[in-house]
S.K.: 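Here you go, one structure.
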2 protein chains.
Amino acid sequence: MPTREEAKAQRREAIINAALRLMYARGDSGFSMRALADAAGVSIATPYNLFGSKQAIMLAVLDTGMAHYGERLAKLHADELEIFFEAVSLATELYAEAPKFHQAVLFSAYGDGGRDYRAVFGDPRFLFWKDLVTRAREAGFLHAEIDPSALALALSQQFFICILEWAYGEIELDELEQRVHYTFALLLNGAATASGGARLKPRISALQQRLTDRWSISDPRTPADASR
Amino acid sequence: MPTREEAKAQRREAIINAALRLMYARGDSGFSMRALADAAGVSIATPYNLFGSKQAIMLAVLDTGMAHYGERLAKLHADELEIFFEAVSLATELYAEAPKFHQAVLFSAYGDGGRDYRAVFGDPRFLFWKDLVTRAREAGFLHAEIDPSALALALSQQFFICILEWAYGEIELDELEQRVHYTFALLLNGAATASGGARLKPRISALQQRLTDRWSISDPRTPADASR
DNA sequence: GTTTGGATTATAACATGTTATAAATTAATG
DNA sequence: CATTAATTTATAACATGTTATAATCCAAAC
């Protein structure tokens, strides 16, 4: 005889678990509210009672993934400049572990344009980058006048859009990683002191070379094909 | 007795015009395929025959807006560095002229995540920025080793995501303009020569000041409210 | 002028997210 | 134990994008 709240919590959990199962198994397609209700052994009205909408369920699922990311993120130890790039690489690693799932959840969660999405994804990320920027500034890699919020927002957005491109199948994971690294290097270098610049400039050259090599082979946006 | 092709072209036009009318009048809401068919005086099957999907119709509508932007863009004359910022400001001006319409069309066209969207929006924009980057490099504002594609991609994406944020109601038009200007200045400065940097650095300071002022008043992501 | 064939039409249907409603269940309350 | 009230359930319904189908129209080909 479970308490009312306990029963509710159990249903919540059953729904989230069913959502996870469905996403892992079939990705975004085949994951309908009716299928979810069936898989969770619950009426179709219940997910709406407990979560409100399909998107809210996706966000709840996303939350569990975010927690995992946060844990691994906390374990990273690199200097105040290197950490930017390692954080990016960590994300790509996690995506590589369950790509279809992450694509599906990103795709669904972004549904309405991401207003709610940002509540669980955008804002915490933004604060994370802001923290890193602040530390890099204190370590003397970035100019003292740089405002952490402004720079962090640019970093955060750039990361976000590249993730979106990957989720939508436009680029592969390794290209995601390289592109974000490159843009991060450029943005940071735009705000860097001499000591920061000395570390970032070689990075920019190296990354740019790799990106250019790739484009000259496979990217349709290479000049030769620009007419399409 | 119009030719078969003429009749088809007329229907196409009627549909696009109806779409424009509906978007201007009611924005995204209330713009359904059935409403569109009614407004165009055509069966609901016809838009699918002629365009294939709702999104394709949105893209066609977007195309007409793009043509307008292109015309006004070509008339801009500023030096190789200033032009970046003027191009951004021009876009915000156009959005300001018919905000609801642009928001609606952006919102709808981006529907499936923007695969097709990029065909009409992303790629031409990318090529435009790449051209500007190339010229700025030739003018000596950017380092010779900078790859125009890599930098242009970063600029293009950053612009894109800020536009998206505006379309989704997250920021106002003037904030869109300032944010893009700021990030552009940072990115360009990250790739700038001494002469380019001399022009960009003051810009960064000024823009950052304005962005920071704004945040300290209204932005929920300011540290004081970060707990939400 | 008659025939032909491609396009449009009216219409039904399907899957989807979502909402509404009335009945049934059941923990909480007395 | 009996009552109450909150929740879930079953179910129907709605609006949406989209597809399928058969009937109809009408320029094009002869």
Side-chain angles (χ1 to χ4, degrees), chain A residues 1-19 22-23 26-61 104-105 107-117, chain B residues 1-19 22-23 26-61 104-105 107-117:
Chain A
M1 58 200 89
T3 272
R4 278 226 146 91
E5 282 306 314
E6 286 170 352
K8 193 181 281 190
Q10 277 175 11
R11 271 180 225 121
R12 273 195 128 89
E13 205 183 332
I15 289 170
I16 299 248
N17 285 341
L22 286 175
M23 298 294 268
R26 288 184 279 180
D28 186 55
S29 63
F31 174 51
S32 67
M33 290 300 271
R34 287 168 179 86
L36 173 66
D38 279 358
V42 113
S43 155
I44 187 177
T46 302
Y48 285 99
N49 287 335
L50 295 181
F51 294 90
S53 69
K54 183 181 186 180
Q55 225 198 128
I57 294 169
M58 294 289 80
L59 293 175
V61 169
V105 78
F107 194 92
S108 290
Y110 197 63
D112 83 327
R115 235 179 307 280
D116 299 321
Y117 183 93
Chain B
M1 56 201 91
T3 271
R4 278 223 147 96
E5 283 306 314
E6 286 170 351
K8 192 182 281 191
Q10 278 174 10
R11 271 182 284 250
R12 272 196 129 86
E13 204 183 332
I15 289 170
I16 299 249
N17 284 342
L22 285 175
M23 299 293 269
R26 287 184 280 177
D28 187 54
S29 63
F31 174 50
S32 68
M33 289 299 270
R34 288 169 178 84
L36 174 65
D38 278 358
V42 113
S43 156
I44 188 178
T46 301
Y48 286 99
N49 288 333
L50 296 181
F51 293 90
S53 69
K54 182 180 187 181
Q55 224 197 127
I57 294 169
M58 293 290 81
L59 292 175
V61 169
V105 77
F107 194 92
S108 291
Y110 198 63
D112 81 329
R115 236 179 306 281
D116 300 322
Y117 183 92

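Just so it is clear, the values below take in all heavy atoms, side chains as well, and ignore hydrogens, waters and symmetry mates. Every value quoted in this text rests on a predicted model; they were computed, and no experiment measured them. Naming convention: chains lettered A, B, ... in sequence-line order (proteins, then strands); numbering from 1 in each chain.
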S.K.: From OH of A:Tyr48 over to P of D:dA10, roughly how many Å is that when rounded to an integer?
M.R.: 16 Å

S.K.: Quick check on DNA chain C: between A:Ala45 and A:Ser32, whose nearest nucleotide comes earlier from the 5' end?
M.R.: A:Ser32

S.K.: Please report the interatomic distance CD(B:Glu6) to CD(B:Glu13), rounded to the nearest 0.5 Å.
M.R.: 12.0 Å

S.K.: Distance check needed: C:dG6 C1' versus B:Lys8 NZ, whole Å only.
M.R.: 8 Å

S.K.: Find out whether B:Ile16 and B:Phe51 are in side-chain contact, i.e. whether some heavy atom of one side chain is under 4.5 Å from a heavy atom of the other.
M.R.: yes

S.K.: OP1 or OP2 of C:dT16 sitting under 4.0 Å from any side-chain N/O of A:Arg34?
M.R.: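 Indeed not, no polar side-chain atom of A:Arg34 lies that close.
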
S.K.: Can you tell me how far the CG atom of A:Leu50 sits from the CD1 atom of A:Ile15, to the nearest 0.5 Å?
M.R.: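 One gets 5.0 Å once the value is rounded to the nearest 0.5 Å.
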
S.K.: Report the distance from atom CD of A:Gln55 to atom C1' of C:dT16, rounded to the nearest whole Å.
M.R.: 15 Å

S.K.: Specify the separation, in whole Å, of atom CD of A:Glu5 and atom P of C:dT26.
M.R.: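 Answer to the nearest Å: 17 Å.
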
S.K.: Please compare A:Ile44 and A:Asn49 by the position of their nearest nucleotide in DNA chain D and report the one closer to 5'.
M.R.: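 Closest to the 5' end, via its nearest nucleotide, is A:Asn49.
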
S.K.: So which of B:Thr46, B:Leu22, B:Ile44, B:Val42 actually passes side-chain contact (heavy atoms from CB on, under 4.5 Å) with B:Leu36?
M.R.: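 Only match with B:Leu36 under side-chain contact (heavy atoms from CB on, under 4.5 Å): B:Leu22.
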
S.K.: OP1 or OP2 of D:dA28 sitting under 4.0 Å from any side-chain N/O of B:Thr3?
M.R.: yes

S.K.: CD of B:Gln10 versus P of C:dA7: gap in Å, rounded?
M.R.: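 Taking CD of B:Gln10 and P of C:dA7, I get 16 Å after rounding.
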
S.K.: Rounded to whole angstroms, how far apart are CD1 on A:Ile57 and P on C:dT18?
M.R.: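 Computing the A:Ile57:CD1 to C:dT18:P distance gives 8 Å.
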
S.K.: Choosing from D:dT7, D:dT18, C:dG17, which nucleotide comes nearest the side chain of A:Arg11?
M.R.: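 When the side chain of A:Arg11 is considered, D:dT7 is the closest of D:dT7, D:dT18, C:dG17.
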
S.K.: Find the distance B:Glu6:CD to C:dA7:C1' and express it as a whole number of Å.
M.R.: 15 Å

S.K.: May I have the distance from B:Asp38 (atom CG) to D:dA15 (atom P), rounded to whole angstrom?
M.R.: 14 Å

S.K.: Quick one: closest heavy-atom pair of A:Met33 and A:Pro47, and the distance?
M.R.: CE-CB, 3.9 Å

S.K.: Measuring to OP1 and OP2 of C:dT18, would you say a side-chain N or O of A:Lys54 lies under 4.0 angstrom away?
M.R.: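 For C:dT18, neither OP1 nor OP2 has a side-chain N or O of A:Lys54 closer than 4.0 Å.
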
